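Each remark here refers to the structure printed beneath this line.
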Number of protein chains: 2
Amino acid sequence: MPRAALSTDAVVDVAMRLVDEEGPAALTLAAVATRAGVATPSLYKHVRSLAEVRALVSVRIMDELAERIGEAVLGRSADDAIRALMAAWRAYVVEHPRRYTALVQAPEPAVAEAGERVVGVLLAALRAYGLEDADAVHAARCVRAAVHGFALLEAERAFQRPERLDESYALLVHMVVAGLRTPAHP
Amino acid sequence: MPRAALSTDAVVDVAMRLVDEEGPAALTLAAVATRAGVATPSLYKHVRSLAEVRALVSVRIMDELAERIGEAVLGRSADDAIRALMAAWRAYVVEHPRRYTALVQAPEPAVAEAGERVVGVLLAALRAYGLEDADAVHAARCVRAAVHGFALLEAERAFQRPERLDESYALLVHMVVAGLRTPAHP
DNA sequence: GCGTCAGGCTATTGGCATTAGCCTCATCGC
DNA sequence: GCGATGAGGCTAATGCCAATAGCCTGACGC
């Protein structure tokens with residue numbers, strides 16, 4: 001391998017910084033190239049297209065998220081684990097709001113796999129509830145949906161007067177835990 | 001007013017059809033102009049920019065959604081109203097998945113206002129719970145987040161093996177209702 | 001030393017948003 | 001009726017961006 005410098009990972013690094021600082025709309029190959037100190041076409045030696053860069057960024061984000069929530073549930077179980085997981089998830093999004101709004105659901109299998117790693121952590125955290133397989137999947141989907149919805153709305157500033165969002169989130173956590181604790185099929 | 005033909009509303013009509021049929025990525029002024037049988041620059045007599053078209057589309061969608069869920073809660077209250085509202089929300093998204101993924105949180109005030117109309121229906125549906133003002137806002141945010149998260153993930157096909165999503169959604173409804181029924185601050 | 005090829009580059013194409021400025025005809029005051 | 005006016009269409013042009021083609025170079029293996 002000759003001259004070092006660029007690589008697929010390095011391109012994604014630059015893309016991530018760009019997203020953090022200027023938002024997902026600023027993620028163009030031209031901007032990445034400028035930041036990397038390189039001409040735009042040079043990027044094509046490392047990535048196939050802008051769409052691929054976006055997918056790679058999404059994978060990176062989901063992996064970071066999976067790691068954060070995975071760490072959070074270590075040594076905890078049931079309600080305790082769910083609370084920690086939800087707190088960690090939101091904390092990540094609050095730290096990197098633009099990053100979170102850059103997430104795309106690309107058709108690339110790598111993106112789906114990263115999503116499954118996140119769901120894997122969720123399923124592990126739910127294991128202590130002793131749910132049947134299908135019920136565990138339902139529960140994981142609900143937790144994911146609730147947290148994702150809240151995080152996204154917060155990240156894109158869709159809540160008017162974002163005061164006391166902590167309290168709102170506490171209620172969401174309460175809802176999830178209460179729903180998991182009580183029988184699901186009345 | 002001379003020749004009829006185009007108008008801001010007509011442009012948005014075309015944009016909506018485009019989104020429904022080809023997805024949000026296909027929403028370009030060039031494509032709208034072609035469908036409208038007009039040259040691209042002509043659109044600027046009716047809209048200021050592509051960004052404005054996207055915002056107007058978002059407003060249209062949120063208004064449709066507000067109407068649908070508003071209808072659903074008529075004559076119902078408390079758990080019954082929430083269940084109907086959540087069912088109607090998801091039904092709308094399942095009917096028009098691409099439309100829902102075209103939603104953007106633009107800075108334009110019109111978009112924020114449309115969002116508030118949706119939240120207004122939510123608050124009305126929650127009235128029967130007799131929550132304090134702040135608690136009602138928290139509850140509305142949570143319901144919105146949960147439904148929005150689920151709907152978005154479903155619309156963008158982010159759930160792997162989307163079998164039995166109805167059951168998953170039933171659990172989400174259960175969580176919301178259970179969380180609203182039990183005391184929020186233990 | 002020398003060939004090779006990874007990884008840069010320039011040049012080019014084509015799509016798109018946006019702006020400037022023209023042209024026309026339906027309407028309205030007279 | 002009739003001429004001014006302006007809404008609403010148009011063509012032309014600019015600039016940005018993604019993507020492709022094809023060239024060039026220097027680090028490394030031999």
Side-chain angles (χ1 to χ4, degrees), chain A residues 1-60 98 101-102 104-108 110-111, chain B residues 1-60 98 101-102 104-108 110-111:
Chain A
M1 52 211 78
R3 255 160 322 172
L6 234 44
S7 71
T8 302
D9 268 6
V11 170
V12 177
D13 285 346
V14 174
M16 293 280 286
R17 254 177 284 133
L18 197 52
V19 166
D20 277 340
E21 291 166 27
E22 305 181 44
L27 179 51
T28 65
L29 288 181
V32 170
T34 302
R35 282 207 177 205
V38 115
T40 306
S42 306
L43 297 176
Y44 287 88
K45 289 285 155 83
H46 306 282
V47 295
R48 256 193 302 281
S49 65
L50 174 61
E52 193 190 49
V53 173
R54 282 201 269 252
L56 291 171
V57 165
S58 292
V59 169
R60 185 80 78 81
R98 314 229 218 206
T101 62
V104 295
Q105 189 55 43
E108 326 236 346
V111 176
Chain B
M1 53 210 76
R3 255 160 322 173
L6 234 43
S7 70
T8 301
D9 268 6
V11 170
V12 177
D13 285 347
V14 174
M16 293 280 287
R17 253 178 284 133
L18 197 52
V19 166
D20 277 341
E21 291 168 26
E22 305 182 43
L27 179 51
T28 65
L29 289 181
V32 170
T34 302
R35 282 206 177 206
V38 117
T40 308
S42 306
L43 298 176
Y44 287 86
K45 289 285 155 82
H46 306 282
V47 295
R48 257 193 300 282
S49 65
L50 174 60
E52 192 188 49
V53 173
R54 283 201 270 250
L56 291 172
V57 165
S58 292
V59 169
R60 185 79 79 82
R98 313 228 218 205
T101 62
V104 296
Q105 189 55 44
E108 326 235 346
V111 176

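Order of the sequence lines fixes the chain letters, A, B, ..., with proteins taken first and strands second; residue numbering starts at 1 for each chain. Just so we're clear, the structure is a prediction, and the values are computed from it rather than from any experiment.
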* Which is it for Leu43(A) and Val11(A) under the side-chain contact (heavy atoms from CB on, under 4.5 Å) test, yes or no, and what are the steps along the way? -> CA-CA 8 Å; Leu43(A) 297 176; Val11(A) 170; 4.0 Å; yes
* Structure fact -> Heavy atoms of Arg98(A) and Pro24(A) approach each other most closely as O-CG, 4.0 Å
* Asked: Between OG1 of Thr8(A) and CD of Glu52(A), what distance do you get to the nearest 0.5 Å?
  -> 7.0 Å
* To do: State, with a plain yes or no, whether a side-chain heavy atom of Arg60(A) is found less than 4.5 Å away from one of Val57(A).
  => no
* Structure fact -> Between Ala31(A) and Ala39(B), the residue closer to the 5' end of DNA chain D by nearest nucleotide is Ala39(B)
* Asked: Say you draw a straight line from CZ of Arg54(A) to OG1 of Thr28(A); how long is it, rounded to the nearest 0.5 Å?
  -> 9.5 Å
* Gap between atom CG of Leu50(B) and atom CG of Leu29(B) - 0.5 Å precision -> 4.5 Å
* Phosphate OP1/OP2 of dC9(C) contacted by Ser42(A) side-chain N/O (<4.0 Å) -> yes
* Structure fact -> One should read off an interatomic distance between Leu6(A) CG and Asp13(A) CG, to the nearest 0.5 angstrom, of 10.0 Å
* Structure fact -> Of dG8(C), dA11(C), dC10(D), the nucleotide closest to the side chain of Val38(A) is dG8(C)
* Asked: Got a salt bridge between Glu21(B) and Arg35(B), using NZ or NE/NH1/NH2 to carboxylate O under 4.0 Å?
  -> yes
* Tell me, which of residues 44-56 of chain B have any heavy atom that sits under 4.0 Å from an atom in DNA chain C? -> Tyr44(B), Ser49(B), Leu50(B)
* Structure fact -> Within residues 20-29 of chain A, those residues having any heavy atom closer than 4.0 Å to DNA chain D are Thr28(A), Leu29(A)
